[in-house]
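Structure record follows, encoded as structure tokens.
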Amino acid sequence: MTGPGLELSRDEMLDLGAEAVALLADFLSAVDTRSASPDHGGPPPEIGALGEPGTPVREVLGETLRAAEYAVETAGPRHFGFIPGGGLFSSAVAELLARGFNRYVPAAVMAPAFAAIERAVLDWFGEVLGLPATAGGLLTTGGSSATLSALIAARHDRLGTDATGGVYYLTENTNHCVEKAALIAGLPASAARPVPTTERLSMDPAALREQIRADRAHGHRPFLVVATAGTTSSGTVDDLATIADIARDEGLWLHIDAAYGGFFTLTERGRSHFAGLDRADSVVLDPHKGLFLPYGTGAVLVRDVRILARAHIPATEAPPYLRDLDRDKGAEFDAADLGVERSREFRGLRVWLPLRLHGVAAFRTALQEKLDLAELAYRELAANPSLETPWAPELSIVVFRSRAGDAATQSLRDRINASGQVFCSGTHLDGRYYIRLCVLSFRTHAEHVRTALEVIHAAAGLVGAPA
């Protein structure tokens with residue numbers, strides 16, 4: 001079936017859908033058999049040219065499959081690099097439905113029930129974080145765009161229309177998207193104030209307080225502190241409660257980057273690290289991390305949603321073509337009022353449907369498993385005399401290095417990944433190179449971590465892994 005026109009019949013839609021779902025089911029069923037290595041073994045597959053005539057569906061889908069296979073296997077259970085994102089099949093089905101229905105959700109009056117689904121998802125996020133009923137936010141493409149909206153709200157609320165002299169506080173371990181968002185929001189690079197870290201890699205609260213007061217004494221305008229609930233490099237959780245006290249005392253907006261770690265608060269162990277998370281003025285979450293959803297699913301929540309709206313709604317009257325929408329909408333803010341996008345896809349279904357289908361308990365169980373597996377990996381790596389493991393994992397990231405130094409550690413990472421059995425990534429902490437093993441794919445279980453440990457021990461030159 002090529003379909004001479006754009007309007008497919010019901011039978012043609014069923015045929016196309018069946019072919020696509022069968023291809024995807026076969027692909028995902030075999031995901032653990034493919035190499036985890038980024039070594040693709042040859043040139044990329046040839047992509048068909050775009051032209052006037054149509055192409056048979058199986059040929060087009062075959063090209064798509066070959067392109068998908070020529071990639072790092074991020075959907076697989078042996079991907080431990082960066083922060084894994086396996087992508088639930090149920091969420092992919094939800095996305096197919098959302099794209100097929102193609103409702104316009106940024107203005108709630110256009111699709112009230114779908115807009116209510118997005119609000120229900122965000123309300124639940126707020127409950128998980130312990131935020132008050134005044135909180136609200138937006139589903140975004142990821143943590144970077146969510147951070148931009150949060151920083152715009154902070155700048156607008158604390159600095160007004162003139163950001164001159166405004167400074168904000170972070171650490172060397174803060175995700176790079178914060179400084180990028182600050183630049184886009186109109187703050188110069190010099191506005192960033194790196195705060196020293198403690199031995200456990202977290203922000204030093206005493207140094208933060210001292211730096212804020214020194215900046216104020218020199219005529220600067222401290223307005224924002226960015227704490228992290230699970231850093232990307234090491235999974236470190238800042239002392240959120242103490243930083244919240246300082247932000248309150250000094251009149252700063254407290255933003256917490258919980259993109260990686262936030263959903264671990266669903267577990268008892270994760271929640272124990274997050275005292276103070278409920279005191280944030282804004283929080284960023286990435287459901288495509290901690291809820292195992294497809295890439296491109298982020299969220300920003302602000303303690304008082306009205307501040308987020310004021311920062312994104314122009315002071316001028318709506319353009320003529322939108323005034324009917326403004327007149328017809330109710331008291332709730334539209335999604336278009338809370339971020340930079342006026343036109344955007346309906347993101348709520350990809351979150352709501354899996355949660356409704358599987359239940360929250362299934363996600364809690366999976367997250368608890370990842371914490372347990374990280375503990376397992378840490379214990380066994382710490383028993384290897386050729387490796388350094390300076391920090392026990394707070395969440396699901398384990399970092400380790402060769403005792404022989406940076407060059408040996410980089411070589412060790414190369415040998416690990418060359419096996420094709422495991423993919424790990426690297427990072428720099430305290431000026432030294434470390435290998436990261438991040439356990440967060442819902443497909444990763446004990447047998448996959450055991451495989452990773454066997455590969456790591458063998459690559460490190462140890463015969464036989466510790467028991």
Side-chain angles (χ1 to χ4, degrees), residues 98 105-108 111-112 114-158 175 177-178 181 184-185 224 226-230 240 244 253-263 265-266 274 276-291 293 296-313 329-352 355:
V105 180
F114 275 178
I117 283 176
E118 288 207 343
R119 286 197 300 272
V121 166
L122 289 159
D123 287 347
W124 182 72
F125 288 172
E127 291 172 13
V128 167
L129 299 173
L131 296 178
T134 56
L138 188 69
L139 293 173
T140 69
T141 57
S144 295
S145 55
T147 298
L148 175 60
S149 284
L151 264 61
I152 288 172
R155 183 202 64 191
H156 186 273
D157 186 62
R158 301 302 163 99
N175 192 278
C177 74
V178 171
I184 296 170
L224 165 70
V226 180
T228 305
L240 305 178
W253 180 285
L254 172 59
H255 174 70
I256 297 180
D257 178 356
Y260 156 60
F263 287 108
T265 196
L266 290 170
F274 292 155
L277 182 59
D278 58 337
R279 297 170 61 188
D281 292 296
S282 58
V283 181
V284 161
L285 295 165
D286 267 347
H288 63 217
K289 296 183 173 80
L291 290 184
L293 303 185
T297 313
V300 57
L301 288 104
V302 173
R303 188 174 199 83
D304 184 345
V305 70
R306 295 171 299 179
I307 295 174
L308 189 62
R310 286 197 294 267
H312 289 86
I313 298 175
K329 75 181 182 184
E332 295 276 359
F333 290 111
D334 283 335
D337 297 330
L338 303 175
V340 300
E341 297 171 297
R342 167 59 68 175
S343 295
R344 55 182 284 273
E345 73 271 31
F346 170 39
R347 299 184 182 123
L349 200 64
R350 71 178 79 152
V351 187
W352 178 86
L355 284 165

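The basis for the numbers below is simple: all heavy atoms, side chains too, and nothing from hydrogens, waters or symmetry mates.
Using modelled atom types, one side-chain atom of Asp257 and one backbone atom of Ala259 make a donor-acceptor pair closer than 3.5 Å. The closest donor-acceptor contact from the side chain of Arg344 to the backbone of Ala335 lies at 3.5 Å or more, if one exists at all. No donor-acceptor distance shorter than 3.5 angstrom exists from the side chain of Asp281 to the backbone of Trp253, with no hydrogens or angles considered. A donor-acceptor pair under 3.5 Å links the side-chain atoms of Ser145 to the main chain of Gly142, judged by distance alone.
Nearest heavy atoms, Gly137 versus Val305: N-CG2, 4.1 Å. The heavy-atom pair separating Gly136 from Leu308 by the smallest distance is O-CD2, 4.4 Å. Smallest separation of non-hydrogen atoms from Ala229 and Leu240: CB-CD1, 4.3 Å. Shortest non-hydrogen contact noted between Thr140 and Val300 is CG2-CG1, 4.3 Å. Smallest separation of non-hydrogen atoms from Pro287 and Phe125: CG-CZ, 3.8 Å.
For Arg306, the CZ atom counts as loosely surrounded, since its 6.0 Å shell holds 12 or fewer non-hydrogen atoms of other residues, nucleotides or ligands.
Going from atom OG1 of Thr147 over to atom CD1 of Ile152 covers 11.0 Å, rounded to the nearest 0.5 Å. The CG atom of Leu285 sits 14.0 Å away from atom OH of Tyr260, with the distance rounded to the nearest 0.5 Å. Here the CD1 atom belonging to Ile307 is positioned 4.0 Å from the CG atom belonging to Asp157, to the nearest 0.5 angstrom. To the nearest 0.5 Å, atom OG of residue Ser144 and atom CG of residue Asp286 are 8.0 Å apart. One distance of note links CG of Leu138 with CD of Glu118; it measures 7.5 Å at 0.5 Å rounding. Interatomic distance, Leu291 CG to Leu355 CG, rounded to the nearest 0.5 Å: 6.0 Å.
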message: Is there a side-chain contact (heavy atoms from CB on, under 4.5 Å) between Arg303 and Leu131? Walk through the geometry before answering.
response: CA-CA 6 Å; Arg303 188 174 199 83; Leu131 296 178; 3.8 Å; yes
message: As a quick check of understanding, evaluate side-chain contact (heavy atoms from CB on, under 4.5 Å) for Arg347 and Thr141, giving each step before the final call.
response: CA-CA 9 Å; Arg347 299 184 182 123; Thr141 57; 3.4 Å; yes
task: Could you walk me through whether Val226 and His255 pass side-chain contact (heavy atoms from CB on, under 4.5 Å), step by step?
output: CA-CA 5 Å; Val226 180; His255 174 70; 3.9 Å; yes
- request: May I have the step-by-step check of side-chain contact (heavy atoms from CB on, under 4.5 Å) for Phe274 and Ile256, ending in yes or no?
  value: CA-CA 11 Å; Phe274 292 155; Ile256 297 180; over 6 Å; no
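Side-chain contact between Glu341 and Pro106: absent, with no pair of heavy atoms (C-beta onward) separated by less than 4.5 Å. Residues Thr228 and Asn175 form no side-chain contact, since every pair of their non-hydrogen atoms from C-beta on lies 4.5 Å or further apart. A heavy-atom distance below 4.5 Å is found between the side chains of Val302 and Ser282.
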